[in-house]
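To start, the structure itself, in C-alpha cells.
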Amino acid sequence: MYINITDSETGNNKGSSAALVTYLEKENRLPEKELQPEHWFNGRENTITPQQVRVTLDNNIAKLGRNDAKFYLINISPSQKEIAWLKQNFGEHGAAEQLKAFALKVIDGYAENFKRPGIDNNTNLMWYGKLENFRYYGYNDPEVKQGQRERGERKDGEQMHIQIIVSRKDITNTVKLSPMNNSRGRNAEHSAKLGQFDRRAFKQSGEILFDQMFGFDRALKDTMEYALTMKNGNAQEKQELYAREQKELSPDYEFTNHKEPSLLELLNPGSLLPDAGQVQYNNPEDLVPDPKKKKKRGYRR
C-alpha cells in the first residue's frame, strides 16, 4: 500500500486548485467515460462535480498568505496484489466502492494524526476524493529514460487508485493544518498551531487498516517496515528482519542452524534477497521524507 502526501512547487498548491482538479478529470475525458463519468466523493456526497470541488476549496483559504500551501494531494495506491484481492472478493465494481470506503477511513486517520481538539475524523476536514483506473508513464520513469516506453503511455496491470485533495484549512475555515509539520509533538508551541503530524505513522496506519478491513494476509516483504529497514536499518536490524522473513517462509526455520548473512549482504539486500526489487514500495525514500532535503516532486501520475 503506497500512501503519499504531496506538497511541492511543481504541484502548485499555493494557488487555485483549478489546475489540479482539471488534471484529475482526465479519465472522464476518455470516450468510454462520456456517458458514465467518475464523480468526486467525500464523507457526505458521492456525486460531486469538479466545479463544486474547485469553488469550495478555493474559498476555504481564510488568513492564508500568497506563498502558503492551500491544499495537499494524498495519493492512495494499492499494490497489484491488493487490487487483485479486492476484485477477487468484491468484483470489479465492488472493489472500486470498497476502495472508496477505505479512503474515507484513511482520511479519518489523517485527521486523528494531527492530535488537535475538534479535528477527530473526516467530517472535520474539507476534502474530495477521485477514483482513477489508470496511470501513465512520466519523464522520470526508468522505462521512458531507457526508451522502452513513451511519456504519456498507459501503464500495464492493475492501476486502480484514489487521489484526494484536502484543504489546508479545516471544514470551518478557521483551523490551519499542515501534514508537513515535522515536530511530531516535540515543539509544543509549533504543534499547537499546526498539529503534530507524524507522516510515517499515518502511512503505516493505512497499511494496517487495509489488512484489517479486507482480511488481507500481507507478507513481511510487502510491508512498509521491510522497505524502511532495508533502506535505513543497521546490520543487526536487517539480520533480525531476515530471520523473521525466513521464519515466515518456513515455520520450522531456526536462524541459528543457518549461515548468518554477512555484513556486506545485509547492507546490500539485493544480494541477499533476489526478489527484493519486487517490493511494492518502489520508492521507499518517499515514505518518510527527510525534512533536511529539499527537492521538487510533482503529483504522481
Side-chain angles (χ1 to χ4, degrees), residues 1-8 11 13 17 20-21 24 40-46 48 53 56-57 60-61 64 68-78 82 97-132 160-186 190-214 223-224 228 281 286-289 291 297 299-300:
M1 177 60 64
Y2 181 95
I3 298 178
N4 191 42
I5 305 173
T6 299
D7 170 7
S8 69
N13 66 344
S17 63
L20 177 57
V21 172
L24 294 179
W40 293 78
F41 69 94
N42 57 21
R44 297 174 296 278
E45 301 178 64
N46 292 312
I48 302 171
V53 173
T56 53
L57 284 171
N60 202 60
I61 58 172
L64 291 178
D68 288 334
K70 308 301 189 300
F71 54 86
Y72 298 98
L73 180 69
I74 301 177
N75 184 303
I76 301 176
S77 294
E82 290 165 336
E97 294 305 309
Q98 290 295 328
L99 189 57
K100 290 180 182 179
F102 171 73
L104 190 147
K105 294 294 185 183
V106 169
I107 297 301
D108 281 340
Y110 177 87
E112 293 171 3
N113 203 301
F114 284 106
K115 298 178 176 62
R116 292 286 300 273
I119 309 297
D120 304 312
N121 54 55
N122 79 89
T123 64
N124 303 128
L125 306 174
M126 176 173 286
W127 66 277
Y128 298 96
K130 184 76 180 298
L131 183 137
E132 295 189 317
M160 184 170 62
H161 61 284
I162 287 180
Q163 305 272 25
I164 293 175
I165 309 177
V166 58
S167 175
R168 172 73 178 274
K169 302 296 290 291
D170 75 328
I171 194 70
T172 68
N173 202 11
T174 57
V175 180
K176 186 186 297 185
L177 302 166
S178 173
M180 300 304 173
N181 171 29
N182 292 304
S183 73
R184 299 185 187 178
R186 291 189 294 270
H190 188 63
S191 294
K193 293 180 179 178
L194 300 178
Q196 40 185 290
F197 202 89
D198 186 331
R199 289 193 296 278
R200 175 171 177 171
F202 167 63
K203 295 170 184 181
Q204 198 155 23
S205 69
E207 180 179 284
I208 296 170
L209 174 65
F210 186 92
D211 298 348
Q212 292 176 341
M213 280 187 69
F214 306 117
T223 63
M224 180 177 169
L228 290 176
Y281 294 105
D286 290 336
L287 295 175
V288 185
R297 290 180 295 168
Y299 296 120
R300 185 173 178 179

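Since the model is a prediction, treat every value here as computed from it, not as a measurement.
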Evaluate the side-chain proximity of [Y] to [X]: yes if any heavy-atom separation is below 4.5 Å, no if none is.
| X | Y | result |
| --- | --- | --- |
| L24 | L73 | yes |
| I164 | W40 | no |
| R116 | L177 | yes |
| P179 | Y72 | yes |
| L57 | M126 | yes |

Backbone N or O of [Y] within a donor-acceptor pair of the [X] side chain at under 3.5 Å?
| X | Y | value |
| --- | --- | --- |
| K70 | D68 | yes |
| W127 | N122 | yes |
| N13 | F71 | yes |
| R168 | I61 | no |
| E207 | M224 | yes |

**OP:** Only counting residues at least two apart or in another chain, list the ones meeting ring pair (Phe, Tyr, Trp, His ring centres under 6.0 Å) with F102.
**Re:**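 Once residues adjacent in sequence are excluded, the partners of F102 under the ring pair (Phe, Tyr, Trp, His ring centres under 6.0 Å) criterion are F210.
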**OP:** Tell me, please, which residues at least two apart from Y128 pass ring pair (Phe, Tyr, Trp, His ring centres under 6.0 Å).
**Re:**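 Ring pair (Phe, Tyr, Trp, His ring centres under 6.0 Å) check on Y128 returns nothing, list empty.
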Original post:
Going from CG on D198 to CD on Q204, what distance comes out if it is rounded to the nearest 0.5 angstrom?
Top reply: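 Separation between the atoms: 9.5 Å.
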Subject >> Interatomic spacing from CD1 in I119 to NZ in K115 - rounded to 0.5 Å >> reply: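 NZ of K115 is found 13.5 Å from CD1 of I119.
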Taking side chain to side chain donor-acceptor pair (under 3.5 Å) as the definition, give me every residue that meets it alongside [X], ordered by chain and number, with sequence neighbours left out.
| X | answer |
| --- | --- |
| D170 | T172 |
| D211 | R218 |
| N121 | T123 |

Original post:
Can you name the one residue among N4, I5, T6 that meets side-chain contact (heavy atoms from CB on, under 4.5 Å) with I74?
Top reply: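 The residue from N4, I5, T6 that satisfies side-chain contact (heavy atoms from CB on, under 4.5 Å) with I74 turns out to be I5.
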Subject >> Under the salt bridge (charged side-chain N to carboxylate O under 4.0 Å, His left out) test, residues paired with K100 that sit two or more places apart >> reply: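 Residues passing salt bridge (charged side-chain N to carboxylate O under 4.0 Å, His left out) with K100: E38, E97.
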Original post:
Residues in salt bridge (charged side-chain N to carboxylate O under 4.0 Å, His left out) with E45, at least two apart?
Top reply: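 Per chain and number, E45 pairs via salt bridge (charged side-chain N to carboxylate O under 4.0 Å, His left out) with no residue.
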Original post:
What residues, two or more places apart in sequence or in another chain, satisfy side-chain contact (heavy atoms from CB on, under 4.5 Å) together with N173?
Top reply: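 With neighbours one apart ignored, the set is N60, A62, K169.
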